[in-house]
Amino acid sequence: MSSSPLDVCAFLERAADALDLNVDVREVLRHPTRSVAASINVRMGDGSLRTFPAWRTVYSNALGPAKGGIRFHPSVDAEEVKTLSFLMTFKTALAELPFGGGKGGVAVDPGELSRHELERVARGYVRALRQDLGVGRDVPAPDVNTNGTVLAWMADELAALEGTAQTASITGKPIVLGGIEGRTEATGRGAAKVVMALKEHLELSDDASFAIQGFGNAGAQFANDMHDAGFRIVAISDSSGAVYSANGLDPKKAESYKSENGGIKGFADAVADNDLRKVEADVLVPAALGGWIDETNADDVAGGVVVEVSNQACTVEGADRLTERGVHVVPDILANAGGVSVSYLEWVQNRTGEQMGRDEVFADLDARMERMAKAVASRAEDDDTDLRSAAYRIAVSRIAEAIESMGTRRLFNE
Ligand code: NAD
């Protein structure tokens, strides 16, 4: 395991400097608590054996059991899993959830596998990492290319190995197996609530325009909610292409078009160079994969606001360049915290045995997102800093309080 700090640790170091953080806490938070690599051996449909590399990282469990998704993607690696687990750590802290941060991944292209092969990978993941998972230890969820079915196989495998039901050990399950209403909408809806709560801070007009990269689960829900609130969605993209209309696009019609045609391409005029960053829109919303805005293209961003629905949408250098240019960036650990906030409700529901209704879930989600957004904006204004720095200062302080209360060098010197 590499012991060198991750790129994203720059966000931690800056918060630590601003807070004059206890040296022990800073040292603890520079490194993941535990990182495990495994190999999943899978008997394929044609009788051959294939091995898929897999990882799970608990970055921190200072505030509670680790929480974070499992990603199935051919390019996932140990470093990416650690980076995503770092982000989960500060996201759960900012959202005031009783969780630490974790993440998992398998280097696999699910599109190349049959359903049975995919099931063997999912069950193999749990067998390989069984000792690390569990309700009070580390609670996985879906991420890119994993869904309710994959998580149901995982919960079932864990239950078979442990000999007891493992409903609260894994979230994102189908509703009939203990999943929660509203989880699908949670990330996009939560991001929309954050933007609405920050409207004044971000200096957005009532009909501000939005360009959304990645019209998938989170991006489409976000587009629908902003459209319903009266904002204009002028551009959207998915892996098929990018489309634009200055008068605004109807996200519901775009969704129907996408499901009939397999992609958004052709729904409206194509965007020049297929590059949404350059589109004239007040707000740019990355909602596909990370690293889309970096130091080579941050100057192309036309609008004054970026909302990071995807994790690490901006590299550290890209984010710094945007901030230098005066572009407001709503950081991922705030913008996309709706997903884990509803996963938390699923975990609570599974532990108490009570079933929550959709209205109750959305009321809790909306209130939490608004509370977080207002706290971050107010900290940014008080400290005269940007939203990401403010969000990290709040999150780091909370984790520091937990670590310090367990005893740091200051206690030993007394
Ligand atoms: P998804 O797979 O449903 O949607 C992703 C969309 O991005 C798809 O429409 C795909 O076509 C599009 N896309 C892929 N490459 C693209 C490209 N180069 N240009 C434009 N579009 C492209 O995924 P999702 O669940 O909506 O997640 C999106 C992002 O949000 C991910 O980074 C994920 O980690 C993050 N996120 C999601 C959740 C959640 O609950 N869904 C929670 C937190 C963070």
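Whatever order the structure lists ligands and atoms in, that order sets their numbers, starting from 1.
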Original post:
Does a salt bridge link Asp366 with Arg189, judged by any charged N lying under 4.0 Å from a carboxylate O?
Top reply: yes
**OP:** Using a 4.0 Å heavy-atom cut-off, say whether Arg71 meets ligand 1 through its side chain, its backbone, both or neither.
**Re:** side chain
Original post:
Looking at atom 35 (C) of ligand 1, what's its closest protein heavy atom, distance included?
Top reply: Val309 O, 3.7 Å
**OP:** Enumerate the atoms of ligand 1 whose separation from the nearest heavy atom of Lys258 is less than 4.0 angstrom.
**Re:** 9 (O)
Subject >> atom 25 (O) of ligand 1: nearest protein contact (heavy atom, Å) >> reply: Asn217 CB, 3.7 Å
Subject >> Plane angle bin for Phe11 and Tyr392 - parallel if under 30°, tilted between 30 and 60°, otherwise perpendicular >> reply: tilted
Original post:
For atom 32 (O) of ligand 1, which protein heavy atom lies nearest, and how many Å away is it?
Top reply: Ala288 O, 2.6 Å
**OP:** Specify the protein heavy atom at minimum distance from atom 7 (O) of ligand 1: its residue, its atom name, and the distance to 0.1 Å.
**Re:** Gly214 CA, 3.4 Å
**OP:** Note the single closest protein heavy atom to atom 44 (C) of ligand 1, along with its residue, its atom name and the distance in Å.
**Re:** Asn336 ND2, 3.4 Å
Subject >> Atoms in ligand 1 flagged as close to Phe215, the criterion being non-hydrogen separation under 4.0 Å >> reply: 9 (O)
Subject >> Presence of salt bridge, Arg388 and Glu308, under 4.0 angstrom >> reply: yes
Original post:
Ser310 heavy atoms, cut-off 4.0 Å: which ligand 1 atoms fall inside?
Top reply: 29 (C), 30 (O), 32 (O), 35 (C)
Original post:
Counting heavy atoms only, which of Ser239, Gly219, Ala313 comes nearest to atom 15 (N) of ligand 1?
Top reply: Ser239
Subject >> Subset of ligand 1 atoms that lie under 4.0 Å from at least one heavy atom of Arg183 >> reply: 40 (O)
Original post:
Does some non-hydrogen atom of the protein lie less than 4.0 angstrom from atom 2 (O) of ligand 1?
Top reply: no
**OP:** Give a yes or no on whether Asp207 atom CG has more than 12 heavy-atom contacts from other residues, nucleotides or ligands under 6.0 Å away.
**Re:** yes
Subject >> Option nearest atom 27 (O) of ligand 1 (shortest heavy-atom distance, choices Ser237, Gly291, Ala218) >> reply: Ala218
Subject >> Contact partition for Ala287 relative to ligand 1, non-hydrogen atoms under 4.0 Å >> reply: backbone
Original post:
Under 4.0 Å from atom 23 (O) of ligand 1, is there any protein heavy atom?
Top reply: no
Original post:
How are the rings of Trp347 and Phe99 set to each other: parallel, tilted or perpendicular (split at 30° and 60°)?
Top reply: perpendicular
**OP:** Please write down residue, atom name and distance for the protein heavy atom closest to atom 19 (N) of ligand 1.
**Re:** Gln213 NE2, 3.8 Å
Original post:
Going by an N to O cut-off under 4.0 Å, is there a salt bridge joining Arg30 and Glu27?
Top reply: yes
Original post:
What atoms of ligand 1 come within less than 4.0 Å of a heavy atom belonging to Asn311?
Top reply: 32 (O), 34 (O), 44 (C)
Original post:
Salt bridge or not for Glu157 and Arg130, using N-O below 4.0 Å?
Top reply: no
Subject >> Check against side chain to side chain contact (heavy atoms under 4.5 Å, CB included), Leu202 and Val330 >> reply: CA-CA 9 Å; Leu202 301 174; Val330 183; 4.0 Å; yes
Original post:
Under 4.0 Å between a Lys/Arg side-chain N and an Asp/Glu carboxylate O for Asp250 and Lys252?
Top reply: no
Subject >> Glu317 and Arg321 ion-paired at < 4.0 Å >> reply: no
**OP:** Starting from atom 40 (O) of ligand 1, find the nearest protein heavy-atom neighbour and note its residue, name and distance.
**Re:** Thr187 OG1, 2.6 Å
Subject >> Ion pair Arg14/Asp386, N-O distance below 4.0 Å >> reply: no
Subject >> Which residue and heavy atom of the protein sit nearest atom 4 (O) of ligand 1, plus the separation >> reply: Gly216 CA, 3.2 Å
Original post:
Would you say Thr171 and Lys67 make side-chain contact, with heavy atoms under 4.5 Å?
Top reply: yes
